[in-house]
Every structure is written in structure tokens, then in C-alpha cells.
Amino acid sequence: MSARGGRCGAAGALLALLLPALPAQDVDALLADQGDPAALTDAGRELAGRGRAADAAKLWRKAAALAPDYFPALFNLGFMHYSAGRPKEAADWLAKAAEAGPRDFNAHYLLGSAHRQNGAREAALRAWRAALAIRPGHFKLMQVMAVEYGKGRYHKEAAELLRRALDLQPENENLYYLALSAYQQAGDYAGGLKLAARAAAKYPQSARANFEYAWHLQKDGRFDEGLPLLRKAMALDAGYEEPFFFYGDWLVKQARHEEALEFLEKAVAVRGDYIAARMSLARALMGLRRWERAVEVLNAAARIEPRHPQPRLLLSQVYFRLGERKKASAEKELSLRLRRRNPTFLEAAQTRPFPD
Amino acid sequence: MSISPATNFQAYAGPVNFQVKKSFPFVAFLAAAVFAAAASPANAQGVASSGSKPAPRVKASGLPWDAQFTDIAAEAGLDLRFTYGGETAKSYIIESNGSGAAFLDYDNDGRLDIFLVNGSTLEGFADGNAPTNRLYRNRGGSQFEDATQSAGLARSGWGSAVCAGDYDNDGALDLFVAYWGPDALYRNAGGGRFEEVAAATGVAGGGKQWSSGCTFVDYDRDGLLDLLVTQYQQFDPATAPPPGKASNCEWKGMPVYCGPRGLPFGNVTLYRNEGDGAFRDVSAAAGVRGVENYYAFTAAAADFDGDGWQDIYIACDSTPSIFFLNNGDGTFADFATETGLAFNEHGFEQGGMGIGVGDFDGDGLLDLIKTNFAGDYPNVYHHQEGGFFEDVVVRAGLAVNPQYVGWGVEYADLDNDGLQDVFQVNGHVYPELDRQTKVNETYKQSNLVYRNLGGGRFEDVTALSGPGLKIEKSSRGAAFGDFDDDGDVDVVAMNMADTASLLRNDLDNGNHWVRIELRGTQSNRAAIGAAVTIEAGGVRQTEAVLSQSSYVSHNDLRVHFGLGAAERVEGIAVRWPSGEVEEFPGAAGGRTLLLVEGSGEVAASP
């Protein structure tokens with residue numbers, strides 16, 4: 001854009017030479033007499049560089065008043081407010097800057113950052129979308145956006161962005177798993193399956209890659225195809241709990257409780273705080289009528305995560321089946337109280353489309 | 001103002017080298033995102049939904065499926081077009097839930113008649129123009145005539161639920177209709193006439209109370225039907241927030257009407273039949289009023305735990321469900337959580353709507369099925385011994401269609417092979433879905449049929465079930481019964497802003513059947529709450545006589561069993577609402593059998 005330099009000609013250069021000694025009253029004079037937005041902007045930059053931000057702002061505001069679409073003044077005001085921790089004011093100026101300089105990456109990026117600090121996630125993402133359109137290969141911006149899409153439950157958009165990020169860094173293994181998680185949250189199992197197959201082919205010795213592919217095959221109704229991959233994942237890394245939990249939980253769902261025990265015990269041994277695995281293990285034990293052991297597992301889970309309602313809920317069911325109705329009711333009441341206090345434990349986030 | 005050097009302030013002058021300043025390790029970022037999502041408040045949506053995706057389908061059995069449904073509502077004379085709030089947009093939840101339907105023989109002519117509950121609009125209607133409920137009398141030959149006026153049932157307003165029972169034991173079925181506002185109890189006076197006696201008998205309720213479900217139930221075994229009424233919420237449009245204007249007013253990013261979450265809870269009321277024509281509110285004494293913070297819908301009463309006393313299961317929307325176990329002393333206690341009936345298998349609350357009761361695995365224990373909101377599977381609650389239930393929906397094969405909002409549902413042997421299948425009616429609650437393209441959901445949805453394969457497994461045979469299953473409407477209540485008396489189970493369904501569906505089952509596979517009508521003597525005369533077990537062809541089957549099930553609807557009180565190749569029933573056992581179990585001898589099928597309590601004899605129903 002033509003105004004980027006903020007050049008102000010000979011008068012401006014002379015002015016800059018005088019600036020180190022420029023007293024406050026001369027700033028006032030400059031404000032009164034100078035009619036060149038570029039000269040004012042450059043003067044303001046020099047002042048800002050010397051820590052006189054308030055005076056700089058006065059000059060930039062004057063410049064903006066003289067030329068409402070003069071990008072350098074608008075951007076500098078926005079940047080200054082942003083840097084000073086005033087994102088609301090920053091967003092106002094940066095929005096004007098982004099409009100005056102629609103191809104300026106920094107203006108859009110910084111506008112998005114200001115919006116994010118203001119709690120306006122969707123506006124932030126819109127600004128970042130504009131920034132990314134200017135620099136489509138900006139990997140770090142993709143990271144930032146994927147996180148915000150996720151927080152806003154815009155999982156489909158997050159998945160698409162991570163897929164693009166993967167095109168930029170195809171050797172980044174972790175990126176595959178992040179993208180797979182996003183696909184999963186978006187409910188796009190077909191897209192996830194393709195990516196999981198790619199990851200498994202690229203990283204055949206990775207337990208995670210094999211597990212992800214097996215998981216997606218199961219979701220595609222091809223559990224039998226996934227089972228060798230699950231077994232391979234278990235063999236590759238006995239310290240990776242997910243394949244053990246997944247297979248054990250699947251066996252519980254098929255009422256194959258006895259078979260499930262080995263795998264769920266292993267998942268819990270590997271990761272002691274894995275509440276979902278402990279719940280599945282308890283279900284297997286309940287299915288086998290091994291009440292005492294189920295109570296042990298559930299009590300352990302309740303100790304590990306005392307805020308979680310689910311161990312208490314299952315304890316209420318075990319005690320009911322043991323005919324201990326008072327104990328069952330007490331556990332139920334505790335479970336319900338925990339549910340009200342910690343609703344997110346037992347609520348699923350609902351994915352939604354990004355509002356264009 | 002001061003600008004800290006740490007902020008790295010760099011004024012714009014010339015082509016700057018401004019970059020994204022921070023470097024964000026990816027894994028840390030994802031962890032942060034996941035944590036943030038988990039810690040955010042409950043999704044800004046008004047209804048519980050797990051966001052579940054369809055589970056993998058098992059390979060189709062390839063077996064022939066003979067139940068074929070055709071919608072004959074128009075030719076049969078069911079001309080009511082339901083009114084239920086705005087048709088293309090809804091401002092308040094009162095407009096969304098729809099109403100129930102009933103198959104009943106109100107005039108004792110042996111033919112199933114149809115009663116349809118209607119709604120209203122927020123704007124109301126000029127005098128004389130308000131839509132009313134409808135009673136359609138079965139004239140035979142699959143023809144119905146409107147008998148609403150002559151029967152005295154022409155009431156307008158926001159009707160929701162219907163349940164039937166013979167509360168005065170005079171041999172004629174009475175009707176209770178639940179409303180937002182005063183409820184209605186129609187005593188069947190005989191001669192095809194009803195008289196409204198809710199206020200006179202003490203069961204009218206009223207105010208801002210939105211009654212949503214009901215069931216007649218003899219909870220104290222005195223032979224008289226008592227009445228349980230569920231209230232969905234205390235609803236007042238003057239205080240309810242408008243669409244999108246509060247939390248709980250969003251569906252997948254789309255502003256929609258608010259609730260049920262965030263709106264005032266309803267409660268449960270139990271009326272005891274005093275035997276003198278009046279009912280007494282015993283909610284507090286019986287322990288049902290102490291159960292709070294629920295949005296309750298359909299209520300189904302039966303002796304679920306087999307102890308001889310009637311229990312009550314209530315589907316609740318976005319709260320745990322309620323399972324009242326009868327203590328046998330005039331009181332109930334809620335054991336839904338303890339028995340596995342409150343939540344799904346992962347402990348999530350669900351948007352529960354309808355309830356089906358049956359015995360899908362032939363073990364003689366009553367199983368349940370509950371329909372839920374979109375993004376959740378139905379709950380297939382398998383009854384294990386000891387009154388404990390396990391949700392086996394994934395294993396059973398019914399976790400394949402979570403895109404539907406399920407309402408009416410029933411276990412019914414649709415092809416008479418001796419195994420109880422599942423019929424589920426569906427319809428979304430947000431008509432606004434039809435004006436957008438981002439969310440892959442529609443207001444009108446097809447219904448679903450699952451064939452029972454035996455061994456506790458089902459398969460989706462919707463596509464094989466005839467033209468009636470290809471129709472998409474936004475359905476709510478559904479009732480089940482053999483209206484054309486041809487030996488198979490038909491369905492009538494309520495549809496939002498549309499006419500009803502009368503789905504005639506044109507089964508022609510040669511399988512045999514039997515229908516059983518019960519008459520109580522010690523128990524209530526209609527034998528509501530009884531459970532019937534038969535053995536035929538080496539297969540045991542159990543059905544319950546229910547005053548309400550499906551979604552706030554009422555099925556034919558005569559229970560229907562498919563017999564497969566067996567031409568006769570080898571034996572029958574009835575667990576009467578009195579708590580007594582009585583055995584009856586075998587009999588030939590292909591007809592309706594009448595079993596009178598205490599007689600020990602099987603007679604052909606007149």
C-alpha cells in the first residue's frame with residue numbers, strides 16, 4: 001500500500017531531527033499547525049520510541065482525523081493500545097486499520113488478537129481468517145486459530161485448518177493426532193479414517209498411529225480389520241493405555257466381561273487416573289457379579305477424582321444390587337450433588353458450524 | 001499512560017517486521033483447548049444431548065421382512081390437521097413438544113377408535129374457531145367418522161398427553177387429557193358420551209402448570225385406578241426468555257427457543273381414587289412430590305420388579321429419569337439411578353421423551369426402551385434380575401440413528417414371528433432447521449423400524465417396511481393397536497402442523513397371532529398394570545397392559561402376541577394388578593381371548 005512508509009518529505013525529516021528536544025508545548029503546536037498526516041505519524045513514531053506514548057497518540061489521532069483512512073496512524077494507535085493492555089480501544093483502531101489496509105497481515109492478525117482478549121472469539125476468528133488469507137502458509141497462526149475454533153466448538157473448522165497445517169508440515173507426527181482429535185470432535189469419522197490410514201502408513205511403528213487407525217476402522221464398522229492394529233499397538237508400547245482401554249471397553253459393550261478384565265486392568269495400571277477406564281473395569285466386574293472388587297475399583301476412582309459423579313453413580317448401583325438400599329441412596333445423592341457442582345464431567349460439548 | 005518496554009511496542013513506520021510473537025507448542029495448545037472446552041458451561045443449549053454419532057451397523061441379515069406400512073389416514077377419514085404453535089419458527093418451548101394419540105374402544109363395539117390430542121397457538125383463536133381434540137369412531141372397513149362433538153370431547157387449548165382407564169370400573173374406558181392449564185378427566189357415561197369431571201373429582205390442576213404425561217395406576221391395590229400426572233414445567237411466556245436471548249437458547253450455533261434447561265421445573269402429582277367418584281392429592285404422603293428438579297414427560301406404570309406392586313417409570317427431558325418403586329405401603333421411592341434407569345451407560349443426562357415396555361429377549365422380565373433427543377441413542381434397558389437394568393443399546397444394534405429426535409416408541413411384534421420388534425416415531429423440535437444448511441438436520445424426519453433378530457439383537461429394517469416409512473413428518477405421539485382387526489399391529493401418529501399418520505400394517509406372511517383381553521375382578525376392571533406371559537412354539541413372551549406409554553399416548557389395552565408358526569398358545573400366566581399370579585390353559589390363536597381374573601378359563605372375546 002502506498003501509505004505504508006508514512007513518508008513526510010523534507011519537512012518531516014527536519015522535524016524528526018528536532019524531536020529529541022521537542023517539549024510538550026511544541027507537540028501542541030505541531031498539533032495545531034501540521035496538516036500532513038504522514039509527518040504527524042512519523043513524529044508520533046519518534047515520540048513513542050522515546051516513551052512518550054501519550055504525545056504520540058495525540059499526533060496519530062490528529063493524523064487520523066485529517067485522513068480517516070490513513071493506515072499507519074490507525075495501525076499505530078491500535079498497536080499502541082493493544083500493547084498497553086487496552087484491547088477494546090485497540091480493536092476499534094485496528095478495525096479501521098484493517099479496513100484501510102485490507103491486505104495488511106499485521107492489522108488483521110492484531111485485530112484478531114484484540115478481539116480474543118475482549119472475549120469476542122468469533123470476531124477474532126474472522127479477523128484471523130482475513131490474515132490467513134493474506135499469508136496462507138502462516139503455520140503459527142493456524143495453531144492459534146485451531147485452538148480458538150476448538151474452544152468455540154467449531155470443530156469442523158478446526159479439523160480443516162489442522163489438515164491444512166499438516167500439508168505445511170507433513171513430517172509433524174503430533175499434528176496428525178491433533179487433526180484426528182479435531183476430526184473426531186467434529187464427528188467427521190470418514191475424514192478421520194483417511195487421515196488415520198495415512199498416519200499408520202507413515203508411522204507403522206507408532207502405537208498411537210496404529211491405535212488411531214484401529215479406532216477409526218471400528219467407527220466405520222470394520223472392527224475385525226482394526227483388531228490386528230489394536231494388538232500391534234499394544235505390542236509396540238505396553239505403556240500406552242488407549243488400546244487396552246478401547247479394546248476392553250468394546251468387550252464390555254459386547255457383554256464379554258471376563259475377557260475385558262485383562263485389558264482394562266492393564267489400562268488402569270498404566271494410567272492410574274484414567275477414570276473412564278476404571279468405570280469400564282467396574283462395569284465388567286458388575287457384569288461378573290464381583291461386587292466386592294467393583295466397590296474397590298469404584299472407591300479408588302472416587303479417591304482419585306472426588307469431583308466426578310460417575311464412580312458414585314455406579315456405587316449406588318452396586319449397593320442396590322447387594323440389597324443395601326440406604327447405602328445405595330446415599331451414593332446416589334452424592335452423585336447427583338457432584339453432577340450439579342461439576343456439570344462438565346457428564347456433559348458432551350456440542351459441535352457447531354462457524355457463523356459466517 | 002506508560003508503555004512498558006516489555007510490551008515490545010514498535011510503532012508502525014515503513015514495512016515492519018511484525019510477527020506472531022509467541023510460539024505455541026502444539027501439544028500444549030491442544031491440551032489448553034480441550035481443557036477449555038471441558039470447563040466451559042454446558043454448551044449454551046437447552047436440551048441434553050451427547051452429540052453421539054451413529055454406531056457401526058452390523059451386516060444386514062438378508063432375511064425377508066414382511067411388515068409393510070402404508071399411511072391411510074386420508075382415506076380412512078382422519079382429517080384433523082394438528083395445530084401446535086408456529087409452523088416455521090417457534091418462540092417458546094410450549095410450541096414444540098406436540099401431543100399424544102390413543103387407540104381405545106370407547107363404545108365397546110370391539111373396534112379400536114382413535115383419540116387425538118390437539119394444541120393451539122400463542123396468538124389464540126377467535127371464538128368458535130379454535131382447533132379441538134378429535135375422537136374418531138371406527139366404523140369398520142378402515143373407515144373412521146368424527147365423533148368429537150357427539151362424544152363431548154371438543155375442547156381446545158394446549159393439550160399434551162392422553163391416558164385411558166376405567167377409573168369407576170363401570171366397563172367403559174375413561175380418558176384423562178393433560179394440558180398447559182387445567183387438565184380434563186372425561187368419564188365415559190356410556191352411549192358414546194363423555195362428561196368432563198376433572199374439577200368435580202379433584203384432578204384438574206391448573207394455573208401455569210404444564211401437565212405433560214399421565215397414567216392410571218392402582219398403586220395401593222384396592223382395585224381402583226388412581227392417577228399419576230407429570231408436569232413438564234411451570235411455564236409462563238411472560239417470563240420465559242425469547243429465542244437466542246439467554247443461555248440454553250441455542251442448538252448447534254443456531255438461536256432457538258429456550259429450554260427446557262433454565263426454565264422452572266415441573267413436578268409429579270399422584271391422585272388417589274377414593275372410590276366415591278373423587279380423587280385426593282396424595283403426592284406428598286406418597287413421596288412423589290419430594291422428587292424435584294425434573295422435566296417429566298411420559299409415564300408408564302407396571303409391576304417392573306415383580307413384587308406384586310405397581311411401579312412407575314417416567315421419561316424426563318434433560319434431567320435424570322424417574323423410577324418410582326412401590327414400597328407397598330402407599331409410598332414410592334425413586335430408584336432410577338440405583339437401578340440403571342436414570343442416565344445412559346456413560347452417566348449422561350438425556351432428552352428423554354417416550355417409553356416402550358416389553359420383553360425383547362423373552363426372559364419374562366419387562367424391558368424398557370426410551371427415546372431421546374438428537375445426538376443420543378435410545379436407551380435399550382435390558383431388565384436383569386433383581387430389578388436392575390442395563391442399557392444395551394450398542395449391543396442391541398439400535399445405536400445407529402442418533403440423528404433423529406425420537407418420541408413415540410414401542411416394543412411390538414410387527415411381523416408376528418414371536419419376537420418383539422421396535423417402532424419409533426421421530427421429528428425435530430426446531431422448524432428453523434429447514435431454513436439453514438450448516439446443520440445437517442431437518443425438522444421432518446422418517447420413522448424407524450427395527451426387527452428383532454433374537455439373541456438380544458436388532459437390525460434397522462426401515463427401508464424394507466413399506467411406503468409409510470418413507471414419509472417424513474415431524475411426529476410426536478404414537479399409539480399401537482390393530483385397528484383393522486387383521487391380526488397385526490398398526491400405528492397412529494401425531495404430526496406437527498400436519499394430519500395424523502395412520503400406518504396400516506399389511507402383514508401377509510402366514511404367521512399366527514393371538515390377542516388377549518383382560519378383565520379384572522379383584523383388580524381394576526381394565527386390568528391396567530397387568531403383565532401377561534404366554535408360551536407358544538417353545539417361545540416365552542411377556543407384555544404389559546399400560547395406561548400410557550410410547551410418547552404421552554395410549555395403546556390398545558388388549559395385548560398382541562405373534563406366534564410364528566404356532567397355531568395355539570400353550571399356556572398363559574397373568575400377573576394381575578392385585579399382585580396375584582393366575583395361570584390359564586392354552587388356546588387356539590387367530591382371535592382375541594378374554595381372561596377374567598379368578599376364572600382360570602379362557603374365553604373368546606365377544
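Every chain is numbered from 1, with letters handed out A, B, ... down the list of sequences.
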Open item on the list: Is A/Arg339 in contact with chain B via its backbone, its side chain, both, or neither, using a 4.5 Å heavy-atom distance?
Closed with: side chain
TODO: Find the distance between CD (B/Gln384) and CE (A/Met286) and round it off to the nearest 0.5 Å.
DONE: 8.5 Å
Open item on the list: Using every non-hydrogen atom in the two residues, find where B/Lys53 and A/Gly187 come nearest and quote the distance to one decimal.
Closed with: CE-CA, 3.2 Å
Task: Shortest non-hydrogen separation from B/Phe335 to A/Ser329 and the atoms involved - done: CE2-OG, 4.0 Å
Task: Engaged part of A/Lys219 at the chain B interface, taking heavy atoms whose separation is under 4.5 Å - done: backbone
Open item on the list: Is it true that, when you exclude B/Asn440 itself, more than 12 heavy atoms of the residues, nucleotides or ligands shown sit nearer than 6.0 Å to its CG?
Closed with: no
- [ ] Working to the nearest 0.5 Å, report the span between CZ of A/Arg352 and CE of B/Met254.
- [x] 13.0 Å
Task: Interface moiety of B/Leu341 toward chain A, non-hydrogen atoms closer than 4.5 Å - done: neither
Open item on the list: Below 4.5 Å, heavy-atom pairs only: which of B/Glu390, B/Lys59, B/Glu345 has the largest tally toward chain A?
Closed with: B/Glu345
TODO: Check each atom of A/Arg312 against the heavy atoms of chain B and say whether the ones under 4.5 Å are side chain, backbone, both or neither.
DONE: neither
Task: Minimum heavy-atom distance between B/Lys438 and A/Pro355, given as atom pair plus value - done: NZ-CA, 4.0 Å
Task: Contact summary for A/Lys332 and B/Asp334, nearest pair of heavy atoms - done: NZ-O, 2.7 Å
Open item on the list: For the interface with chain A, which of B/Gln436, B/Lys252, B/Glu338, B/Arg57 has the highest count of heavy-atom pairs at distances below 4.5 Å?
Closed with: B/Glu338
Open item on the list: Quick check on the interface: out of A/Tyr154, A/Phe223, A/Tyr319, A/Phe354, who has the most heavy-atom pairs with chain B under 4.5 Å?
Closed with: A/Phe354
Task: Contact class of A/Glu331 relative to chain B, heavy atoms under 4.5 angstrom - done: neither
Open item on the list: Minimum heavy-atom separation for B/Thr337 and A/Gln317, please, with both atom names.
Closed with: O-NE2, 3.0 Å
Task: Selection from A/Ala276, A/Ala131, A/Ala255, A/Ser335 maximising heavy-atom pairs under 4.5 Å formed with chain B - done: A/Ala255
Task: chain B contact via A/Gln254 - which portion, at a heavy-atom distance below 4.5 Å - done: both
Open item on the list: So for A/Leu77, is it side chain, backbone, both, or neither that comes closer than 4.5 Å to the heavy atoms of chain B?
Closed with: neither
Open item on the list: Restricting to non-hydrogen atoms, name the atom on A/Leu313 and the atom on B/Gly347 that form the minimum distance, rounded to 0.1 Å.
Closed with: CD1-CA, 4.3 Å
Task: Atom group of A/Ala56 that falls short of 4.5 Å from chain B, counting heavy atoms - done: neither
